[in-house]
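These notes concern the structure reproduced below.
Computed from heavy atoms alone, side chains included, the values below leave out hydrogens, waters and symmetry copies. Model, not experiment: these values are computed from the prediction. Chain letters run A, B, ... following the sequence lines, proteins first, then strands; residues in each count from 1.
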There are 2 protein chains.
Amino acid sequence: MRAEIIFTGTELLNGQVLNTHGRYLGEKLSKMGVETLLHIAVGDSRERMTEVFCSALLRSDLIIITGGLGPTTDDLTKEVVAEVLGLSMVLDEAVLEKVRSYFITRGRSIPECIRKEAFFPEGARLFDNPVGSAPGILIERNTKKIICLPGPPKELIPTFEGFVPAYLVKSLGQGEVTLTALFRLTGLTEPDVQDILSDLCLAENPGIAFLAMPGEVQVRISARAAEPEAKRLVAELAEKVEARLGGYIFARDEDVPEELVGSLLLGRGLTIGLAESCTGGLIAGRLTAVPGSSHYLLGGVVAYSNMVKEKVLGVPAQILERYGAVSKQTALLMAKGARDLIGSDLGLSVTGIAGPDGGSDEKPVGLVYIALADRTDAWCGKFNFAGRRESIRRGVSNMALNMVKLYLSDKENMSTLKRS
Amino acid sequence: MRAEIIFTGTELLNGQVLNTHGRYLGEKLSKMGVETLLHIAVGDSRERMTEVFCSALLRSDLIIITGGLGPTTDDLTKEVVAEVLGLSMVLDEAVLEKVRSYFITRGRSIPECIRKEAFFPEGARLFDNPVGSAPGILIERNTKKIICLPGPPKELIPTFEGFVPAYLVKSLGQGEVTLTALFRLTGLTEPDVQDILSDLCLAENPGIAFLAMPGEVQVRISARAAEPEAKRLVAELAEKVEARLGGYIFARDEDVPEELVGSLLLGRGLTIGLAESCTGGLIAGRLTAVPGSSHYLLGGVVAYSNMVKEKVLGVPAQILERYGAVSKQTALLMAKGARDLIGSDLGLSVTGIAGPDGGSDEKPVGLVYIALADRTDAWCGKFNFAGRRESIRRGVSNMALNMVKLYLSDKENMSTLKRS
């Protein structure tokens, strides 16, 4: 099934409002195996809405239209759909009653324009909007399905959820689906990844797409076929990608790294303390974003100045002087120091040069040491991150969380990092 | 001038990525008086990109295309534009050199695919991308203007700013402009703000729009008129809004609160240390995101457990027991403790209940104390934040930064907070 989403509202075009529907609906449809061809935002203009809706009808099997269902003069969606499909508008008494009672129970007079909300294209099926007064609308026309949803996100989401997924699953039956697998990598640039996978990128089905985000590169595999075949295609390609990039993968699919680490710590009954230099609280901020993180994250130190590294974390001045703040030796002592100070089972430390200043030939911007200490042992990895300050910091936090994940799930792998 | 914006990237259609370009570019064009007809997001498909670009060429005078300028196989924008316009692709040696030197100066090998970044449609004018390797592209064809911008938001914005507004202003000549002023508030909900400003919201020009974001409410004033008149309309209304909401405004227009605080600290030659409980490193993370922040942020403590508050920050156990971790007394001692431990001029502390658990009738979710200590004095504010965990944490970090800003720019105002 090929879909197209039309977002109505001049406020989307002039930047007054951020269009969050695209991401929400796009993700929902993608997961159901519906391929979305286009997202189109159009202003509240009868002429342009008509043009956009007509061309969507030619291209796509499913057309979702958001917004423009209200009572004001710039709400045009129902009229445009009815006109293009040659349907008349009919009054729905139940909806009229609901809209009226909203005003009556609030002791307010009923605005004249409100009757408009209760008119719908004939033959339309209405489905419940649990939050607002404008219901969702489904019109089936030959093989085409047209779904109209209310514009406000607070209404759109529950209105969609309550009807559309179940309806689409029934309609989709046993056709082709699009399945995907997502790998999130850190420590490599997008061109690095492209080079490593270049021979795998030649095919389109299954296909590989890349996306560079601050601090990570995403590799998305997708295949379109009947479900068992699509599964097989994705799995085969995913295995190859993983074999080549395994160590750089810090998350897959819906993984949230800080949640993953949190649940692993909880499961093992372990606590952690942090010592962050160049990430400056970013790792702590990510870990504490997870509800209940106080069960395993006892605390942390943002050790930005050498004085804090020395006085608070107990890194000896002569180590800082001899090896520098950005060194394996300092990183290891910071991790141990955090563990001791905070009284946690594990200590995780980061020290590096996030830029834009502070780099040298010997220690360039992007050089980072990440160390992990437990009661008896300690490990340290050395990395070179590319990009700008925020990308480096974000990438380092991904890598640091990944190191904790490795330690908790597959401690053998830590041997490659072992330095102490 | 009629414009159309084409956003390329399958990740926009399947919900992997939120399309923030639409809002940014829509607003920029609208302010310049350019009417945007459509926003279209299209996947990385040669066929569909060609279709969308061709129909845009028929409708609009200005076509902006975002994304697809990189080196990977799914980057198709330049090829599609060249093919539709019948242009060949030519190598730009300067761009190739820039791309190469990026890898060389970082001591990394040059990926083969990178040459692709240096090919452009013949006759294209390139404009600087100060952040990444793919420059912006301008092609003028009869009365049509085609502008290609890099996809990552961090590259798109400076690339756009550095060239497009000046270029369009020259093309547009004189007319009406839309001017805006933005206030960002914390500590109030959107309906609170609406109530306070309700009588000012009746007019349309100048108009007021609200937007609730995690941890803040945005109030945007806009006026459309010839430039001097638009300026006057915005300024008059802004003055009224400010008079009513002053204390809640933590940023205006393009202000970045952490940069504001940073430059105030630098200007006064003061250093700061942090003690964060419920924000868990978020404030440190924001402050250290600013290049050069090591000059004023010496360090911080993420004091999640009581043990860290006591042992590291020196809050006496009997204070924690008697008043609780979320109390004025604890907040003040945390701020002083951070200052002493870190050896900074100022100590900033936060302790509160971010939820979803941990609230009680007496101390509900959203209750937060923020304290600031200097050498001789200390202040503490008590706040009740609405929303969910991330909104509360974000809102608290906004409020805490605002407290430092107030202290540095207008210390008299601190008297309302004084408790010690």
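- Among B:Thr73, B:Val42, B:Leu29, the residue with the largest count of heavy-atom pairs under 4.5 Å with chain A is B:Thr73.
- Looking only at side-chain heavy atoms (C-beta outward), B:His39 and A:Leu12 stay at 4.5 Å or farther from each other.
- Of the atoms belonging to B:Thr279, it is backbone heavy atoms, and not side-chain ones, that fall under 4.5 Å from chain A.
- Here salt bridge (Lys or Arg N to Asp or Glu O under 4.0 Å) pairs that include residues 8-23 of chain A, with residues two or more places apart or in two chains, number zero.
- To the nearest 0.5 Å, atoms CG (B:Asp75) and CD (A:Glu190) are separated by 6.5 Å.
- Ranked by heavy-atom pairs under 4.5 Å with chain A, the first of B:Leu341, B:Leu18, B:Ile114, B:Leu282 is B:Leu18.
- Taking the side chain as every heavy atom from C-beta outward, A:Arg388 and B:Val131 approach each other to under 4.5 Å.
- The candidate from B:Arg220, B:Arg59, B:Lys28 with the greatest count of non-hydrogen atom pairs under 4.5 Å with chain A is B:Arg59.
- Chain A forms more heavy-atom pairs under 4.5 Å with one residue of B:Ala284, B:Ala41, B:Gly343 than with any other, namely B:Ala41.
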Under 3.5 Å donor-acceptor pairs involving side-chain atoms of residues 297-306 of chain B, not counting sequence neighbours:
{"from": "B:Tyr304", "atom 1": "OH", "to": "B:Arg389", "atom 2": "NH2", "distance (Å)": "3.0"}
{"from": "B:Ser305", "atom 1": "OG", "to": "A:Leu298", "atom 2": "O", "distance (Å)": "3.4"}
{"from": "B:Ser305", "atom 1": "OG", "to": "B:Val308", "atom 2": "N", "distance (Å)": "3.2"}

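- The contact between B:Thr72 and chain A is made by backbone and side chain atoms together, counting heavy-atom distances below 4.5 Å.
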Residue pair A:Glu390, B:Lys154: steps toward the salt bridge (charged side-chain N to carboxylate O under 4.0 Å, His left out) verdict: CA-CA 10 Å; A:Glu390 267 318 286; B:Lys154 287 204 169 150; 5.3 Å; no

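- Contact tally against chain B (heavy-atom pairs below 4.5 Å) for A:Leu202, A:Ile283, A:Thr36: the top residue is A:Thr36.
- There is no contact between A:Ala354 and chain B, counting heavy-atom distances below 4.5 Å.
- Using a 4.5 Å heavy-atom threshold, the side chains of B:Val52 and A:Leu38 count as touching.
- Between chain A and the options B:Ile342, B:Leu274, B:Asp357, B:Leu37, the largest number of non-hydrogen pairs under 4.5 Å is found for B:Leu37.
- The part of B:Val290 that comes within reach of chain A is its backbone (N, CA, C, O), which places non-hydrogen atoms under 4.5 angstrom from that chain.
- The shortest side-chain heavy-atom distance between A:Leu182 and B:Gln16 falls under the 4.5 Å cut-off.
- Annotation: maximal heavy-atom pairing with chain A below 4.5 Å, among B:Pro291, B:Gly292, B:Ser30, occurs at B:Pro291.
- Looking at A:Thr288 and B:Arg393, their side chains come closer than 4.5 Å, going by heavy atoms from C-beta outward.
- When each of A:Glu204, A:Glu51, A:Met213, A:Lys31 is scored by its heavy-atom pairs under 4.5 Å with chain B, the top score falls to A:Glu51.
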